[in-house]
Amino acid sequence: METVVKYVKENIDNYLEELKEYLRIPSVSALPEYKEDIKKCSEFVAGKLKAAGMKKVKIFKTDKHPLVYGEWLGAKDKPTVLIYGHYDVQPADPIELWKSQPFEPEIRNGKIYARGANDNKGQNFVHIKAVEAIMKNSGGLPLNVKFLIEGEEEIGSPSLETFLKNKENKKLLKCDAVLISDTSLYAKGVPTLNYGLRGLAYMEIELTGPNRDLHSGSFGGAFANPINELAKLISKLHDKNGRVTIPNFYKDVQKAAKFEKDNFKKLKFDEAKFAREYGVKELYGEKGYSTLERLWTRPTLDCNGIYGGYTEEGAKTVLPSKATAKISMRLVPNQDMKTIVKEFTKHVKSLTPNSVKIKVREMHGGAPVVIPIEHRAIRAAARATSRAFGKETVFTREGGSIPIVVEFMKELKSPVILMGLGLDSENIHSPNEHFHLDSFKKGLLSSVYFFEEYSK
Ligand code: BES
Ligand code: MN
């Protein structure tokens with residue numbers, strides 16, 4: 001492994017050049033106008049898997065965006081690891097807030113800036129290059145490896161979910177452990193494995209008042225204004241203790257285990273610094289819980305967008321016909337998505353006065369997960385990240401969601417290693433997304449060491 005490590009360190013600059021190429025492809029999965037770029041990106045990934053020495057590299061067409069697969073199964077009697085990642089990215093808007101162009105990667109102050117630099121191109125590229133480095137220097141790998149890099153993660157992985165349910169595909173993806181880097185380090189330079197993700201239920205509600213926009217002078221006072229009503233409704237979704245008011249919302253919530261509470265204390269989270277970093281005087285959340293508990297073990301409800309009426313420059317006197325809000329709920333074990341969606345729908349309907357009509361639409365979602373950390377593969381990953389970062393690995397949960405993780409556990413019956421390499425401060429889904437070069441480098445070493453540790 002020493003030659004591999006030396007080789008990786010010598011080649012970092014080449015890897016970064018290749019990563020830039022990857023980042024130049026605007027593979028936005030949510031917007032139809034990027035369909036060709038998505039296709040191009042899947043071909044780029046397939047090419048990199050081939051260059052890394054993978055066999056049977058294949059691009060699977062789906063109803064939406066292609067899945068890329070590649071394998072190397074030459075390590076007889078050794079475990080098989082499935083490395084998952086996504087090559088699709090979130091839309092880049094608002095473009096005007098980017099300091100450099102989202103699809104023109106730029107390195108500044110030890111960070112690489114571009115949409116997807118962290119989420120997830122930078123993080124999955126780490127494993128492709130680590131595997132390539134081992135292959136080139138030892139002519140093989142100490143483990144069997146399968147890569148699966150998809151193009152729909154940011155829109156809820158609809159095709160992969162279907163793909164996984166097929167018997168033949170399940171055989172194709174059969175493995176002893178799944179390795180994913182699509183989450184965060186606890187802090188810069190701190191090796192981290194994540195053992196939990198929140199789930200998600202994403203809803204849209206639309207209120208309709210009068211059957212057309214009206215003059216707010218001639219009609220204001222006689223009709224309910226859907227924007228006013230929507231604001232009232234949203235304000236009723238939390239109580240004064242920051243708790244969600246939906247009936248039965250907390251009924252199935254699992255309490256944090258004793259070892260977790262101790263662990264959270266050990267992590268010594270600095271709440272004041274957190275508030276300062278994001279420009280607020282005070283944090284907000286459910287009473288009775290620490291910030292880490294709120295982020296990792298408690299469900300939440302947040303408005304993601306709200307629109308209606310006149311929002312252009314200047315003033316227009318109008319009593320609008322419609323108002324819409326997009327609302328997401330982050331879920332934790334053992335909340336059931338379907339039940340939550342039902343309770344939410346019932347609740348918002350009950351809060352709607354007769355003066356307006358309500359339409360409730362379910363968008364995407366995913367189940368929450370907590371992963372047992374005793375598995376051999378997870379222990380090997382903890383040793384690997386400790387070696388790479390030169391520190392003891394910490395275990396954290398995440399507030400974000402990767403819906404496919406639960407499906408992997410269910411369909412493949414394999415543990416999932418969440419080897420987060422990003423930082424929460426790296427602006428994913430936001431302007432000026434970036435990835436620390438230090439994390440990129442230590443990620444490469446973590447991956448190399450993982451192959452050694454898990455093959456022992
Ligand atoms: N990489 C993120 C998930 C993530 C972010 C986990 C930060 C932990 C910390 C992933 O690509 C993502 O954004 N997922 C979506 C899921 C949704 C689109 C179904 C999310 O969490 O909003
Ligand atoms: Mn994302």
Side-chain angles (χ1 to χ4, degrees), residues 23 27-31 64-65 84-93 102 114-127 148-161 178-187 190 192-204 278 292 294-297 299-305 326-332 337 340-341 362-371 395-408 416-431 433-436 439 443:
L23 292 169
S27 48
V28 180
S29 51
L31 304 171
K64 258 216 176 88
H65 303 316
Y84 162 87
H86 63 95
Y87 67 80
D88 66 319
V89 300
Q90 286 275 336
D93 64 286
R115 170 57 86 233
N118 161 324
D119 184 11
N120 172 253
K121 289 173 176 172
Q123 293 196 65
N124 64 54
F125 204 56
V126 156
H127 297 292
L148 182 70
I149 315 283
E150 71 152 315
E152 297 180 357
E153 197 276 344
E154 298 293 2
I155 53 171
S157 306
S159 300
L160 180 52
E161 218 169 283
V178 182
L179 174 60
I180 305 176
S181 289
D182 190 23
T183 46
S184 304
L185 298 170
Y186 179 61
V190 179
T192 307
L193 293 180
N194 322 105
Y195 65 92
L197 293 162
R198 286 198 287 193
L200 182 68
Y202 202 114
M203 312 292 296
E204 188 179 76
Y278 293 94
L292 288 189
R294 287 170 180 170
L295 286 172
W296 296 347
T297 74
T300 55
L301 181 149
D302 276 292
C303 214
N304 294 258
K326 293 182 188 288
I327 296 175
S328 68
M329 290 166 278
R330 293 285 168 175
L331 310 178
V332 299
M337 215 173 80
I340 295 295
V341 166
E362 181 185 353
M363 309 202 37
H364 56 208
V369 68
V370 167
I371 304 162
F395 284 85
T396 68
R397 275 162 78 165
E398 280 284 6
S401 313
I402 308 176
I404 207 66
V405 166
V406 179
E407 304 302 321
F408 280 141
V416 176
I417 307 160
L418 296 172
M419 188 186 278
L421 296 172
L423 283 171
D424 287 339
S425 58
E426 287 176 337
N427 299 337
I428 68 172
H429 297 206
S430 166
E433 175 175 353
H434 57 277
F435 190 36
H436 279 69
S439 311

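Whatever order the structure lists them in is the order used to number ligands and atoms, beginning at 1.
Between the side chain of Ser425 and the backbone N or O of Leu423 there is no donor-acceptor pair closer than 3.5 Å. In terms of modelled atom types and a separation under 3.5 Å, the side chain of Arg115 and the main chain of Ser430 share a donor-acceptor contact. For Asn118 (side chain) and Gly422 (main-chain N/O), no donor-acceptor pair under 3.5 Å exists by modelled atom type. Within the 3.5 Å criterion, the main-chain N or O of Leu421 finds a donor-acceptor partner in the side chain of Gln123. Judged by distance alone, the side chain of Arg198 and the main-chain N or O of Arg330 form no donor-acceptor pair under 3.5 Å. Checking side-chain atoms of Glu398 against main-chain N and O of Ser184 turns up a donor-acceptor pair under 3.5 Å. No donor-acceptor distance shorter than 3.5 angstrom exists from the side chain of Asn120 to the backbone of Gly85, with no hydrogens or angles considered.
Ligand 1 has no N or O atom lying under 3.5 Å from any N or O atom of Ser184, backbone or side chain. Between Glu398 and ligand 1, no pair of N/O atoms sits closer than 3.5 Å.
Donor-acceptor pairing under 3.5 Å is recorded for the side chains of Thr396 and Asn194.
Note that the CG atom of Asn124 and the CG atom of Asp119 stand 10.0 Å from one another [nearest 0.5 Å].
Heavy atoms of Asn120 come nearer than 4.0 angstrom to ligand 1 in no pair at all. Ligand 1 has at least one atom lying under 4.0 Å from a heavy atom of His86. At a 4.0 Å cut-off, at least one heavy atom of His429 sits close enough to ligand 1 to count as contact. Remark: distances from the non-hydrogen atoms of Arg330 to ligand 1 include one below 4.0 Å. A heavy-atom separation below 4.0 Å is not found between Ile155 and ligand 1.
The closest protein non-hydrogen atom to atom 10 (C) of ligand 1 is Glu153 OE2, 3.3 Å.
Counting the atoms of ligand 1 from 1 in the order shown, those under 4.0 Å from a heavy atom of Glu154 are 11 (O), 12 (C), 13 (O), 18 (C). Annotation for ligand 1: atoms under 4.0 Å from non-hydrogen atoms of Leu200 are 17 (C), 19 (C).
Heavy atoms of Asp182 found under 4.0 angstrom from ligand 1 belong to the backbone as well as the side chain. Only the side chain of Pro403 comes within 4.0 Å of ligand 1, counting heavy atoms alone; its backbone N, CA, C and O stay farther away.
Closest to atom 15 (C) of ligand 1 by heavy atom, among Gly366, Ser181, Gly399, Ser401, is Ser401. Between the choices Ile428, Val89, Asn304, Thr183, the shortest heavy-atom distance to atom 6 (C) of ligand 1 belongs to Thr183.
Looking only at side-chain heavy atoms (C-beta outward), Met329 and Pro299 stay at 4.5 Å or farther from each other. In this structure, His364 and Leu200 have side chains that are in contact, with non-hydrogen atoms separated by less than 4.5 Å.
In this structure Glu161 satisfies the salt bridge (Lys or Arg N to Asp or Glu O under 4.0 Å) test with no other residue, sequence neighbours excluded.
The aromatic rings of Trp296 and Tyr186 stand perpendicular to each other, their planes meeting at an angle above 60°, with 30° marking the opposite boundary.
Of all protein N/O/S atoms, those under 2.8 Å from the Mn ion (ligand 2) are Asp119 OD2, Glu154 OE1, Glu154 OE2, His429 NE2, and waters are not counted.
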